[in-house]
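Lettering of chains follows the sequences in order, A, B, ..., and the numbering in each one begins at 1.
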Amino acid sequence: MHKPRMQLLASFDIASLEYLDERGHTTQALPDFATPDTLVAFYRQMALARLVDDRAVKMQRTGQLGTYPSSLGQEAIGVGVGAAMAKEDVYCPNYRETGALLERGVTIQEIYAIWGGDERGQNFRHAREDLPLSVPIATQMLHGAGVAFALKYKHEQLGEPMRVAVTTGGDGSTSRGDFYEAINLAGDWQLPLVVVINNNQWAISLPRSEQTACKTLAQKAIAAGIPSLQVDGNDVIAVREAVGDAVERARRGAGPSMVEAVSYRLCDHTTADDASRYQPEQALKEAWSREPLRRLRSYMQAHGFWGDSQEEEMQRELNQALEKAVQEYRDTPRDAATAIFDHLYETLPEAFLEQYQQLRGEN
Amino acid sequence: MHKPRMQLLASFDIASLEYLDERGHTTQALPDFATPDTLVAFYRQMALARLVDDRAVKMQRTGQLGTYPSSLGQEAIGVGVGAAMAKEDVYCPNYRETGALLERGVTIQEIYAIWGGDERGQNFRHAREDLPLSVPIATQMLHGAGVAFALKYKHEQLGEPMRVAVTTGGDGSTSRGDFYEAINLAGDWQLPLVVVINNNQWAISLPRSEQTACKTLAQKAIAAGIPSLQVDGNDVIAVREAVGDAVERARRGAGPSMVEAVSYRLCDHTTADDASRYQPEQALKEAWSREPLRRLRSYMQAHGFWGDSQEEEMQRELNQALEKAVQEYRDTPRDAATAIFDHLYETLPEAFLEQYQQLRGEN
Amino acid sequence: MGEITLVEAITQALAFELQADQRVVVFGEDVGVNGGVFRATEGLQDRFGSARVLDTPLAETMIAGIAIGMAAQGLRPVAEFQFMGFIYPALDHILSHAGRYRNRTRGRLSCPIVYRAPYGGGIHAPEHHSESTEALFAHIPGLRLVVPSSPARAYGLLLAAIRNPDPVVFLEPKRIYRAARQEVPDSGDALPLDRAFVLREGTDVTLISWGASLKETLQAAEQLAEEGIEAEVIDPATLKPLDIHTVIDSLEKTHRCVVIHEAARFCGLGAEVVAQINEYAFDLLHAPVQRVTGYDTVMPYFQLEDEYLPGAPRILAAVRKALDYANGGAV
Amino acid sequence: MGEITLVEAITQALAFELQADQRVVVFGEDVGVNGGVFRATEGLQDRFGSARVLDTPLAETMIAGIAIGMAAQGLRPVAEFQFMGFIYPALDHILSHAGRYRNRTRGRLSCPIVYRAPYGGGIHAPEHHSESTEALFAHIPGLRLVVPSSPARAYGLLLAAIRNPDPVVFLEPKRIYRAARQEVPDSGDALPLDRAFVLREGTDVTLISWGASLKETLQAAEQLAEEGIEAEVIDPATLKPLDIHTVIDSLEKTHRCVVIHEAARFCGLGAEVVAQINEYAFDLLHAPVQRVTGYDTVMPYFQLEDEYLPGAPRILAAVRKALDYANGGAV
Ligand SMILES: Cc1ncc(C[n+]2csc(CCOP(=O)(O)OP(=O)(O)O)c2C)c(N)n1
Ligand SMILES: Cc1ncc(C[n+]2csc(CCOP(=O)(O)OP(=O)(O)O)c2C)c(N)n1
Ligand SMILES: [Mg+2]
Ligand SMILES: [Mg+2]
């Protein structure tokens, strides 16, 4: 059959970014921010995230915590994202971003409280404007778009400095309408929103390859008319660079963009999961060879600003901080039963006073 | 600042297809199906759709019909889509596709019954397996994906011949999560689904340019990893060719695809709308110069197989058919009050018998 | 000023609050240039600009979701759903987030959002344009649910809803959008939420209804009055939390009660009203509370919608049933 | 065979019907290789292949929507939502389409779909994993709503649901997924829908509950029995349509009633039970029907979930209130 002649309307490219390969060798000149001090700080935060996750899993096993979603293997994404944001920007997280939460100033105790079944953990002492952890997949992206609208509104209408909303979600989140509606609006309204897809290759038991027919998740941004790229999510420098670039674009009013950060979930989905039921052992083994901490440490060691003594010193300090936080978490008395009504409305409507009193055992 | 080096991962092109320009001149050799007989048949169906819509608007104005969504200006899309489908394929429509409905064998009386407030119109006498008209935007696309799954399942598991599901939606529908979740699943499961976007440039008062930042709607398919193209939706040959190609691809098991057909809504959104509140007069005037019937007629006349006498004869016949249908619609007695319960469940549960009896005035 | 309709009162309230509070933004499908399909936002974009009165893309989940982010940042979003029939994709965000944000963050963030939607049947609209599913929202913790039934109440309650620090689902009975006119001074005075309004005093039977059904309810009351039966008519207005005290006070006088709503009966709001009367006023009742409601079927296409909607005859029949109930009730 | 748990009974029913009926397909998130997060579909993909037991992408609206297209084409889709907390994005399709397709097409197309979801609290899960919002579905016309409370009822009712020609929302009380074992022959015999089960006979008070709360309800009944008070315990099992006759029959004996559910009280299903008792059995009542329910607040994070859930003490207190009610009821 004769093939019809067509006219080209539009073309799109999706590219990927990397600085440090698996062995910690640079594949191109590093960005300016990548000074030894900064890289040590990144490394330290990644190491802390790993410790926090590791302890959480142990505490769950011993009944001190509920179901917990570790971010083992994804520390570079969390830390890269957190480091790319200004303090006054607003983070709109999913539930698996220990590194980013710590960067934002959410405390270890708060993280443990949340997964220990205590809403008080979401009342972040420091990151007052950041959104709470969001469990329903991808919903936070719409909240993020709303936050971005508000930040733009306050900038343009009320003369405040421009701030940026950053939201994260997993590979699975890109299948939900919420994700798509959020990026489409962000493009349409040119919101200061950065969407980071933490592609850890799994959504519980569903591998990335079965989540969508797309070659990359980054290309989904084409459907919203916004720029996107893929980065090596095990390379904290690449994550920091790509997200930083996206944040700055948003801050200068040039609109939203999306970053797909490719890593690997090196752990069970949560402590309630058993990944050996569905995950090929070989894939896991290979993924370990690409994990983010070792490659950065190799780089730091090769360039002479990190060694065993620094590592030991750091581990000691981090463990101390962790112990302190664990202790504080354990020492926190359970919330009062009436707390379940105290923050439902700003003022409890009269109609529910009777229930409140019943709860207090008053009738 | 130094621009980082990136690696190209994927590239995508969006192209557009046209055969007949505004004046009815061919811009390339026509496809094989475009014989005079076929084109006359297309023209006839488009003319019928226009008459059916026109009469519907008039009937609404005189209180004989409820709110009605005319497809004035979009006849080529409806007819092209309908003509591209095999009888045994399944159509999953939105609410504004008079041409496609007529092609599928939905009767004029049924169309009028639906908009006259009578569910019996959805009980298509002929298109027994086609889905009913769907009002909630884009929901039909998920139903279409489900139908496509069933057709594939019956082919692969039960040895039935492969059939195809075709679903249509407007430019506005591409902003809804349902649209996106449907195409993503279709790509993921390689379903025999064809998605046609009827881009008539408006979603009630919102122009296409404010619906999304995308340059084309066709590019949204990239987010699902499925092929797509844009066609001139005022060119019935292009629509028939593009959709026919998509249908055949799906039928041979090569998976889903999407066609964006660009036309223009030459009428109010519905009879309840007043487009002059928001639509620039000039845009409407220009759009009229591109409308689908005239260009096909010009081509047919220029090629000597159509003239005024054929036109008159056809109009007379179509009007006769229309009058007959209108009469039948008018003569249909109102449904019984109890109909509101008769088809709610296959068998009305005992618990609702009392209400049923109350409705019948029995208690 | 002249008298205005209910839908004009909505516009007037939105305009007042847009003027008074820079944090207020109004958005939804076609609310801008077009002024909303019912013209509830007519002229607002002209007056307050397209940065504060915004047309959104066509996506209801999005409309609900962005309101939450806006509110968390201290704005006062007023989101319109074009019809209640298209609000369901928004339910997840309203239930899982808007109603929970304050509680989840122990007061750190909150959702002072108004989700508006025209609701109810009787205007001969296509399918999905005549829904009355207020009960779904009534069941959701952390929300308020408000339905006005007159221009003045529309104005005062919408102002109260926008100023309320927590999320409000505000349903507008479109059948009476233009049914009556009333003098409504643009005073900026809100009416109290969580309080029922006694629309008509009476001693013989208590009729409880809201929104458009109050029209037929009041008609029925007038008809009863001609027969010497004085019905007290109560409009809860805020359906959740429900002001049951006003109902009980009324039952102290009347001892008989009929609840009227358009929505399907099963698990409708009428059931909650009956349950609370059962709990708080069991001894007062001389007859079972009657429910006059939509049937437990889908709202029909418009040819049969009048069969579905509870009209004055069905209300009157129920009142008579309550009045005739064999003297004395239980045992 | 040995005794099986409730969740194993679900698997057994799914397997039976997959085997018996080629039109049955099972799908949802993680239902395939992983066998579902609660293992309700364990082994089914191995046995019936990935063409019939399918992992979907992560999208609940999609899961609900495709089931409708499948059903319209004559398949018998059984769709799993991973937790009830994630079912809300599906509500639009369930309400606007699944419950309406037969009516809308006047019988031409129908939706014999089962929408399954684990529901309820008490397993110390994270937020959104402990929902009991069955009332939302109870209000939707055209649906059936079924909740099993034992392995045998799970098996028989799920078979009935899959074979039912109309859509069924089938909620599985996850707290008792593994709480008890029972001999459940794989006979393929369905149990009747729309019929309540009397789990315990008694003459002094009628206790109505469903799902996991029946555990505490039956405990309370045992405790009452020790005091010589015989409670009749009714499990409606099909919550909509509701078999009120069984309740009324019971009230003929007991004259006192307590309804127990985990869900929030306001507009919960308990309200409908009370309203129907009010309508059909007003004269039988010697005391107001008591509701023992979740509070009208968000299901708390798990440290406080036991404060929220109605336990045996609250049930007992309500029973005593009903029993002690000043002799005689109304007036
Ligand atoms: C809307 C919704 N559906 C289902 C779930 C249950 N669930 C929790 S995590 C998860 C997989 C998420 O995968 P992904 O988005 O890749 O994030 P990851 O867990 O890998 O970080 C699922 C299905 C949920 N939390 N929310
Ligand atoms: C989910 C949903 N939201 C809102 C509406 C109200 N509505 C009806 S048509 C329409 C615009 C649709 O635009 P488009 O998809 O471009 O289709 P068109 O009407 O132009 O054919 C809207 C908002 C609806 N029917 N469904
Ligand atoms: Mg993942
Ligand atoms: Mg359009």
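Ionic pairing of D/R291 and C/E272 is present here: one or more N-O contacts between side-chain nitrogen and carboxylate oxygen are shorter than 4.0 angstrom.
With a 4.5 Å cut-off on non-hydrogen atoms, C/L95 touches chain D through its side chain but not through its backbone. With a threshold of 4.5 angstrom between heavy atoms, D/N278 approaches chain C through its backbone and through its side chain. Residue contact with chain C, scored on non-hydrogen atoms closer than 4.5 Å, involves the backbone of D/L239 exclusively. For a residue to count as touching a neighbouring chain, one of its non-hydrogen atoms must lie under 4.5 Å from one of that chain's; by this rule D/E60 does not touch chain C. Heavy atoms of C/Y301 lying under 4.5 Å from chain D belong exclusively to its side chain. Heavy-atom distances place both the backbone and the side chain of C/L242 under 4.5 Å from chain D. Contacts of D/F137 with chain C are absent, with no heavy-atom separation under 4.5 Å from either backbone or side chain. For chain C, the nearby parts of D/S96 are the backbone and the side chain; heavy atoms of each come within less than 4.5 Å.
Of the listed residues (D/H255, D/R104, D/Q290), the greatest number of heavy-atom pairs within a distance under 4.5 Å of chain C belongs to D/R104. Of the listed residues (D/V273, D/V274, D/V259, D/D296), the one with the most heavy-atom contacts under 4.5 Å to chain C is D/V274. Listed options D/Q276, D/M299, D/E131 were ranked by heavy-atom pairs under 4.5 angstrom with chain C; first place goes to D/E131. If you tally non-hydrogen atom pairs under 4.5 Å between each of D/T61, D/I87, D/I277, D/L91 and chain C, the highest count goes to D/L91.
One side chain, D/Y325 or C/D283, offers a donor N or O that lies under 3.5 Å from an acceptor on the other. No side-chain N or O of D/H139 forms a donor-acceptor pair with one of C/R265 less than 3.5 Å apart.
Pairing each heavy atom of D/P141 with each of C/V298, the nearest pair is CB-N, 3.6 Å. The shortest heavy-atom contact between C/P288 and D/F282 is CD-CD2, 3.4 Å. For the residue pair C/G268 and D/C267, the shortest heavy atom distance occurs at O-SG, 4.2 Å. Here the closest non-hydrogen pair linking D/E279 and C/V289 is CG-O, 4.2 Å. Nearest heavy-atom pair, C/P89 versus D/D92, reported as atom, atom and distance to 0.1 Å: CG-OD2, 3.7 Å.
Contact of the D/T133 side chain with the C/I140 side chain is not registered, since no non-hydrogen atoms from C-beta on lie closer than 4.5 Å.
Residue D/K253 qualifies as enclosed at atom NZ: its count of foreign heavy atoms under 6.0 Å is above 12.
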